[in-house]
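Because the structure is a prediction, the values reported are computed rather than measured. Note on naming: letters A, B, ... go to the chains in the order of the sequence lines (proteins, then strands), and numbering restarts at 1 for each one.
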Protein chains: 4
Amino acid sequence: MEDTKRTKIVDAATKVFAEKGYHYATMSEIAKEAGMSTGLIYSYFENKLDILLSIIRIFWKKINRLNQDKFITVKDPLDKILIILQNFEDLLIKDEKALCQVKVLNEALPHIFMIKDKRLQEKRYEIILNNKELIDTIDEIITDGQKKGIFDDSLNPSVLRQVLCGTIERVIYGLFFKTYSGEDIGYDADDAHKAIVKLIEKFILK
Amino acid sequence: MEDTKRTKIVDAATKVFAEKGYHYATMSEIAKEAGMSTGLIYSYFENKLDILLSIIRIFWKKINRLNQDKFITVKDPLDKILIILQNFEDLLIKDEKALCQVKVLNEALPHIFMIKDKRLQEKRYEIILNNKELIDTIDEIITDGQKKGIFDDSLNPSVLRQVLCGTIERVIYGLFFKTYSGEDIGYDADDAHKAIVKLIEKFILK
Amino acid sequence: MEDTKRTKIVDAATKVFAEKGYHYATMSEIAKEAGMSTGLIYSYFENKLDILLSIIRIFWKKINRLNQDKFITVKDPLDKILIILQNFEDLLIKDEKALCQVKVLNEALPHIFMIKDKRLQEKRYEIILNNKELIDTIDEIITDGQKKGIFDDSLNPSVLRQVLCGTIERVIYGLFFKTYSGEDIGYDADDAHKAIVKLIEKFILK
Amino acid sequence: MEDTKRTKIVDAATKVFAEKGYHYATMSEIAKEAGMSTGLIYSYFENKLDILLSIIRIFWKKINRLNQDKFITVKDPLDKILIILQNFEDLLIKDEKALCQVKVLNEALPHIFMIKDKRLQEKRYEIILNNKELIDTIDEIITDGQKKGIFDDSLNPSVLRQVLCGTIERVIYGLFFKTYSGEDIGYDADDAHKAIVKLIEKFILK
DNA sequence: AATGAATGAGTGTTCATTCAT
DNA sequence: AATGAATGAACACTCATTCAT
């Protein structure tokens with residue numbers, strides 16, 4: 001029950017943050033969207049920033065958990081990269097509601113750096129750790145693929161990862177923009193998927 | 001003279017916005033950084049948002065002008081793409097001061113959508129036009145390259161462009177982060193350049 | 001049974017008000033201290049201010065009743081004054097728990113004046129009456145003592161009473177402070193008693 | 001000029017705090033009383049509590065300075081005590097505006113203990129020091145008087161000081177109450193003065 | 001042209017109070 | 001009778017913007 005409320009708030013905030021941007025969103029808008037009063041939000045979260053942090057934290061946790069779950073049975077570097085992609089798509093694209101998380105995630109960085117509240121330091125640290133976990137995971141997979149002679153080894157793993165992540169982020173952000181603005185962006189979820197797979201095949205594979 | 005002041009403000013704001021994020025930056029910080037009083041800023045800009053808009057507008061204008069200038073003598077699609085990349089690098093990477101524009105550009109989108117001030121509508125429209133101009137330019141180049149049989153034509157131009165732009169944005173953002181946080185990101189400006197060129201060769205070329 | 005609950009609330013509130021001050025004390029702290037839920041407090045009291053009022057009202061009532069009870073057999077003005085002192089000490093000093101009432105009584109005045117709630121007007125009036133009763137009692141004793149030639153009659157009764165009450169209040173407040181802060185104040189309950197008795201002998205007696 | 005503004009705010013706040021009590025007083029009331037906007041107050045004070053602290057700090061500083069100034073030429077313990085009394089009267093009674101400080105000073109204690117803001121810790125410490133300075137000064141005078149055989153030495157200095165201060169506080173508070181409520185309290189400033197002097201003569205002197 | 005003191009609208013947050021269970 | 005989740009009014013505080021000098 002308590003968890004339902006937290007989820008409601010997180011979902012409402014994700015929507016409002018995505019629509020208006022963190023600072024333009026007000027607590028009463030979030031409360032209204034969540035179907036409750038402003039005060040109640042403060043029973044579940046320390047403050048506004050805490051909600052933003054929670055959105056991000058939950059997302060990275062989910063991604064990391066999904067990845068680790070599937071990596072147990074998969075060993076091939078290419079398959080692992082494809083699994084990471086698939087997990088991103090599962091979490092963001094297949095649930096249209098969740099798509100707006102991309103924008104919130106995109107906007108979050110400056111706010112994470114502005115955290116002064118001591119109560120939030122730990123949560124901030126956790127986010128950084130979770131983020132680092134994904135980065136390290138990808139970098140290890142790439143390094144592994146290069147050692148095994150499967151991946152292109154003329155570039156260092158960090159740049160390869162940046163190219164991959166930048167692509168995924170941008171392509172999915174486009175889908176969010178399409179959904180929420182209604183404007184045509186020239187491609188759909190299927191095109192996006194094919195493009196990233198092709199990027200992996202042509203750019204990352206040897 | 002007036003132009004010097006405007007430039008000073010734009011430069012100061014770019015720095016402060018990049019360091020703190022648009023909303024955490026205050027007008028008095030910008031004024032201090034620009035070496036003038038808060039009030040004077042309002043002689044050159046309508047309001048805070050107007051400064052942000054100007055930063056973006058100036059950047060897109062410069063990019064478009066640089067592109068068009070060089071496109072006069074260049075006709076090959078691949079060369080054109082490489083010129084666009086080079087222009088980005090000239091504007092952002094080669095001047096360390098300007099590097100922080102990446103972050104401002106990254107953060108700007110939500111604010112552009114929140115413009116209510118009628119005086120800014122025109123400027124907003126101009127930005128969207130400038131942005132669209134670059135997008136259209138790239139899309140045309142890609143379409144042209146595909147027609148000429150030079151570029152991969154299994155993906156539509158919009159997605160190809162997103163992959164390219166997402167990569168450039170992310171890779172350069174990494175360089176900004178490195179410069180301003182001092183942390184190691186595993187690659188430098190040279191690696192970044194090579195990676196993008198390789199992306200073009202392996203992913204965009206047939 | 002109902003009375004037990006009321007007493008529990010009053011005792012808990014007295015403690016919390018004394019420790020934190022009326023406004024810094026929250027209803028949930030009082031409820032926790034009283035071992036019940038916040039809601040239940042509202043079955044016994046109109047609101048937060050009502051609890052404060054009750055604490056004060058109960059104290060003045062007790063003092064007045066104790067005084068009147070003992071005055072039946074005592075007629076000498078000096079003895080009467082000493083009885084009032086003894087009653088104060090019985091109610092405050094001898095029960096360490098009750099000592100914190102001094103602080104609550106001290107802080108109460110501004111709140112009594114801010115009562116707007118109509119339901120509390122009557123209670124407020126009662127407090128003022130009870131307070132006035134003690135004042136009048138003391139003033140009458142002093143007047144009587146002056147008439148009988150026992151008390152110094154070079155000062156009017158009101159000022160004499162203020163000196164006496166100010167002394168008692170301050171000296172007992174010191175004891176409260178000592179108990180709750182643990183700091184040394186340079187005197188104990190016994191010193192306090194002797195000082196007040198000496199004040200009566202040297203200052204009020206002729 | 002800046003000092004005029006600070007003084008205006010301090011005076012306004014003293015009045016409003018005295019009338020309503022610290023917590024019932026709002027910043028906009030203080031601003032209105034001071035003839036300025038809410039925001040401007042924050043150019044001169046950290047926050048609401050800082051104003052309260054300043055009122056108290058200024059008062060204790062003034063008292064201590066006045067005392068030390070006059071103690072240079074006076075050596076007799078009795079004269080010193082009378083000078084302290086006179087200074088209190090000069091600061092509080094002779095300026096009717098300043099009289100309301102008594103109430104603010106009376107109410108301040110719980111708030112001083114609730115200070116969490118780091119920026120105010122130093123100011124808090126200064127107040128405690130100033131307060132201690134007066135206490136120590138009085139205690140030294142009394143000890144000196146007892147050694148010289150002038151003062152009653154059957155009670156320890158701390159209690160004697162409490163009796164004196166409690167009396168002064170209470171008697172002056174009565175005058176404040178009279179002025180601001182318009183009610184008759186049975187004595188005036190002159191009676192108050194005589195009472196305290198008589199207290200010193202009869203109770204403190206041997 | 002230039003200043004920065006002054007404004008006040010806007011919002012996050014708290015907490016007394018209510019009420020469904 | 002008892003709970004504590006839920007409410008929302010109230011207020012401190014910030015900061016973009018203005019304007020007297």
Side-chain angles (χ1 to χ4, degrees), chain A residues 1-2 4-5 8-9 22-32 34-51 117, chain B residues 1-2 4-5 22-32 34-52 117, chain C residues 1-2 4-5 22-32 34-52 117, chain D residues 1-2 4-5 22-32 34-51 117:
Chain A
M1 184 59 199
E2 182 183 307
T4 316
K5 283 276 158 58
K8 266 186 187 167
I9 297 166
Y22 177 76
H23 261 111
Y24 295 103
T26 67
M27 290 302 276
S28 67
E29 278 173 310
I30 297 170
K32 207 178 172 187
M36 62 183 70
S37 66
T38 338
L40 193 56
I41 295 181
Y42 288 85
S43 306
Y44 297 91
F45 295 91
E46 301 283 355
N47 51 36
K48 196 183 175 187
L49 197 48
D50 189 20
I51 308 177
D117 194 324
Chain B
M1 180 60 194
E2 181 182 309
T4 318
K5 285 273 160 60
Y22 177 77
H23 259 112
Y24 294 103
T26 66
M27 289 302 276
S28 69
E29 278 174 308
I30 296 170
K32 207 179 174 186
M36 62 183 69
S37 68
T38 346
L40 194 54
I41 295 181
Y42 287 85
S43 305
Y44 297 91
F45 296 91
E46 300 283 354
N47 51 35
K48 194 183 177 185
L49 199 48
D50 189 20
I51 307 177
L52 180 67
D117 195 323
Chain C
M1 179 64 195
E2 181 180 310
T4 318
K5 285 273 161 58
Y22 177 76
H23 259 112
Y24 295 103
T26 66
M27 290 301 276
S28 68
E29 278 174 309
I30 297 170
K32 207 179 172 185
M36 62 183 69
S37 67
T38 346
L40 194 55
I41 295 180
Y42 287 85
S43 305
Y44 297 92
F45 295 91
E46 301 283 355
N47 51 35
K48 193 182 176 186
L49 198 48
D50 189 19
I51 307 178
L52 181 67
D117 194 324
Chain D
M1 183 59 197
E2 179 182 310
T4 319
K5 284 274 159 60
Y22 177 75
H23 261 111
Y24 294 102
T26 67
M27 290 302 277
S28 67
E29 278 173 310
I30 296 170
K32 206 178 173 186
M36 61 183 70
S37 65
T38 338
L40 194 56
I41 295 180
Y42 289 86
S43 306
Y44 297 92
F45 296 91
E46 301 282 354
N47 50 36
K48 194 182 175 187
L49 198 48
D50 189 21
I51 307 177
D117 195 324

Residues in side chain to side chain donor-acceptor pair (under 3.5 Å) contact with [X], at least two apart in sequence or another chain:
{"X": "C/Y24", "answer": "D/H111"}
{"X": "B/T26", "answer": "B/S28, B/E29"}
{"X": "D/D117", "answer": "D/N47, D/R119"}

Exercise for review: Verify, without hydrogens or angle tests, whether D/Y22 (side chain) and D/L49 (backbone) share a donor-acceptor contact under 3.5 angstrom.
Suggested key: yes

Check your understanding: Between D/M36 and C/Y24, which has a closest nucleotide on DNA chain E that is more 5'?
Key ->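 Result: D/M36.
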
Review point. Which residue lies toward the 5' end of DNA chain F, C/S37 or B/D117, if each is placed at its nearest nucleotide?
Key: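 In this pair, the answer is C/S37.
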
Can you measure [X] atom [atom1] to [N] atom [atom2] for me and round it to whole angstrom units?
{"X": "D/Y44", "N": "E/dG4", "atom1": "OH", "atom2": "P", "value": "13 Å"}
{"X": "B/E29", "N": "F/dT14", "atom1": "CD", "atom2": "C1'", "value": "13 Å"}
{"X": "D/I30", "N": "F/dC13", "atom1": "CD1", "atom2": "P", "value": "10 Å"}
{"X": "C/K32", "N": "F/dG4", "atom1": "NZ", "atom2": "P", "value": "12 Å"}

Looking at [X] and [Y], what are the two nearest heavy atoms and their distance?
{"X": "A/I9", "Y": "A/I30", "answer": "O-CG2, 4.3 Å"}
{"X": "B/K48", "Y": "B/A25", "answer": "NZ-O, 2.8 Å"}
{"X": "C/F45", "Y": "C/D50", "answer": "CA-OD2, 3.4 Å"}
{"X": "C/S37", "Y": "C/A31", "answer": "C-CB, 3.7 Å"}

Point to revise | Phosphate OP1/OP2 of F/dA2 contacted by C/K5 side-chain N/O (<4.0 Å) | key: yes

Practice item. Let me have a per-nucleotide readout for nucleotides 16-21 of chain E, 5' to 3', with B, S or -, counting only protein heavy atoms under 4.0 Å. Key: SBB---

Review point. Given pairs defined as Watson-Crick or G-U wobble with both distances under 3.5 Å, what dot-bracket annotation applies to DNA chain F, with ( ) intrastrand, [ ] crossing, | other strand and . unpaired?
Key: .||||||||||||||||||||

